[in-house]
Protein chains: 2
Amino acid sequence: MAEEETLPPLDPAGLGAYFALIEVSSLLRHTVEQQLLDAGDLSYVQFQLLATLGDAPDGSRRMTELADGVVYSRSGLTYQVGLLEKAGLVTRGPSADDDRGVTVSITEAGRDVLAKVFPGHIDVLRQLFLAPLARKDIESLARILTDVRDHMRTVPPRSAKPRRKSG
Amino acid sequence: MAEEETLPPLDPAGLGAYFALIEVSSLLRHTVEQQLLDAGDLSYVQFQLLATLGDAPDGSRRMTELADGVVYSRSGLTYQVGLLEKAGLVTRGPSADDDRGVTVSITEAGRDVLAKVFPGHIDVLRQLFLAPLARKDIESLARILTDVRDHMRTVPPRSAKPRRKSG
DNA sequence: CTCAGGTGCTTCGAATTCGAAGCACTACTT
DNA sequence: AAGTAGTGCTTCGAATTCGAAGCACCTGAG
C-alpha cells in the first residue's frame, strides 16, 4: 500500500513490517471478534475488559486503569462497563482511597464466561495466527513486539493532548 | 492479560506475541490517527483508502478490492468513499467489465493530500514503532508478519458467513 | 480553612461502524 | 432464452465510538 516512488528512501522493511502489522491485527481481530460473539456474546472490547479484570490479583481495577489497559476512550469504557454490569459480568463500586474513583470487579459469572470463550479463542489464535510460524519465530515476535510496546508505553503518554485549557 | 491458572498449557510465547501485537497496533493506530487528523484531516481509514488507491497502477480500484484491502465492511466503505468523494479526493465511476461494479479513482487533490501527510506519518512510525528495534529485528518482524498475513489470506475467507459462498 | 486548578468518571451529541435487506446485474443451468 | 443462484454496491436502522462539557472530589498554595 502506497510506496510512492517519489518518497524519501524509507526503510522498506520498516514499511513492510508496519503494513503487515496493521493487516494482521485487523484480520485477527475480526476473526476473534466473531468467535467471541458466537461463543459468549462478547464484543472484543468486552473480552479485553473481562480478561484484564480476570488477570488482576483481586479481580478489580479502576476505570482509568482499564481504559489505559485496552487503549480505549473513557467515555467508551463507561458505556461498555455499563453493558457488562447489566449482563452481570462485572460490578461497580466506590474506590477505597479516592471517592471519585470507580472500581470495577469481575463476578463469578464473568469468570465463567471468560472460561467458556477462552478455549475457542486460543484455537483461533493457533490456527490463524501461530500456525504458520516456527517456534523460534513466535519467540522472536513476542520479544520484538514486547520491546516495541514498552517503548511506546514510555515515550509519549499520548501525544500532545493536554487536558482542555492552557492552550 | 488473563492467563488463568486453570487453562490448558498454552504457548506462553504465543500469547505474549498476541497481546503485544494487539496492544502495539492499537497504540500505533491511535497515534497515527491523530497525526493524520492534524496534518490532513484524514481518518485512518480514509488514509488507508487513499494509500491503497495511490499504490494502484492506475490509481483506481473496485469497491470490493478496497474493502478487502483495508479489512472493512462494505457498507462502511460506501460511507467513507462518499466522504472522500465529497471532499474531492476520489471519484466514483462505473466499472468497465461489470455494470454492477463501481470503480474508485484517486484525484490529483487526493494525491496531494497523501503527499502532504506521508512525511509525518513516516515520522510517527520511525519514532514510535521502529525506534527501539535493531535493523535485524525490523527485518525479522517484516518477514514473520508477512508470513502470517499470507497464511491468514489463504486459510479462512472469513469465517461462517451465510452470504459468501456455499456453506 | 478556602480557593484555584487538576483528576476520575459520566453524560451528551455527533460521527462512524456494522449487518441485514434491497436493488441491479452477472453467471450458471436447462 | 428463461430461471435461479450469486455478486457488487447502497440504504437503512441500531449499536458503538469519541471528544467536549459537566459534576464531584482531591490537592496544593495561601
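Numbered from 1 within each chain, the chains take letters A, B, ... in sequence-line order.
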- Message: If the threshold is 4.0 Å, N to carboxylate O, is there a salt bridge linking D147(A) and R143(A)?
- Response: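 Yes, charged N to carboxylate O under 4.0 Å.
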
- Query: Salt bridge between D68(B) and R62(B), side-chain N to carboxylate O under 4.0 Å?
  - Reply: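 The answer is no: the pair does not qualify as a salt bridge.
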
Interatomic distance, [X] [atom1] vs [N] [atom2] [rounded to whole Å]:
| X | N | atom1 | atom2 | answer |
| --- | --- | --- | --- | --- |
| D68(A) | dC9(C) | CG | P | 10 Å |
| R92(A) | dT11(C) | CZ | P | 8 Å |
| F47(B) | dT16(C) | CZ | P | 18 Å |
| Q46(B) | dT17(C) | CD | P | 8 Å |
| D98(B) | dG6(D) | CG | P | 17 Å |
| H30(A) | dT17(C) | NE2 | P | 10 Å |
| Q80(B) | dA15(C) | CD | P | 13 Å |
| Y79(B) | dC12(D) | OH | P | 15 Å |

- Message: Set out, in order, the CA-CA distance, both residues' side-chain angles and the distance that settles side-chain hydrogen bond (donor to acceptor under 3.5 Å, both in side chains) for H121(B) and Y18(A), then state yes or no.
- Response: CA-CA 11 Å; H121(B) 193 83; Y18(A) 168 58; 3.0 Å; yes

- Query: Which part of the nucleic acid does L37(B) contact within heavy-atom distance under 4.0 Å: base, sugar-phosphate only, or nothing?
  - Reply: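 Nothing, no heavy atom under 4.0 Å.
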
- Message: Taking any heavy-atom pair under 4.0 Å as a contact, classify L83(A): base, sugar-phosphate, or nothing.
- Response: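 Touches sugar-phosphate only.
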
- Candidate nucleotides dT10(D), dC18(D), dT11(C), ranked by approach to the side chain of T78(A) - the nearest: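 Nearest listed nucleotide: dT11(C).
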
Phosphate oxygens OP1/OP2 of [N]: is one of them under 4.0 Å from a side-chain N or O of [X]?
| X | N | value |
| --- | --- | --- |
| R62(B) | dC9(D) | yes |
| R100(A) | dC23(D) | no |
| S95(A) | dG8(C) | no |
| Y72(A) | dT17(D) | yes |

- Classify the side chain of S75(B) and the base of dG19(C) as holding, or not holding, a donor-acceptor pair under 3.5 Å.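 Between dG19(C) and S75(B), which were checked side chain against base, a qualifying N/O pair under 3.5 Å is present.
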
- Item | Side chain S25(B), main chain I22(A), donor-acceptor under 3.5 Å |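 Between the backbone of I22(A) and the side chain of S25(B) there is no qualifying donor-acceptor contact (under 3.5 Å).
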
- Is there a donor-acceptor pair under 3.5 Å between the side chain of E139(A) and the backbone N or O of K136(A)?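 No.
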
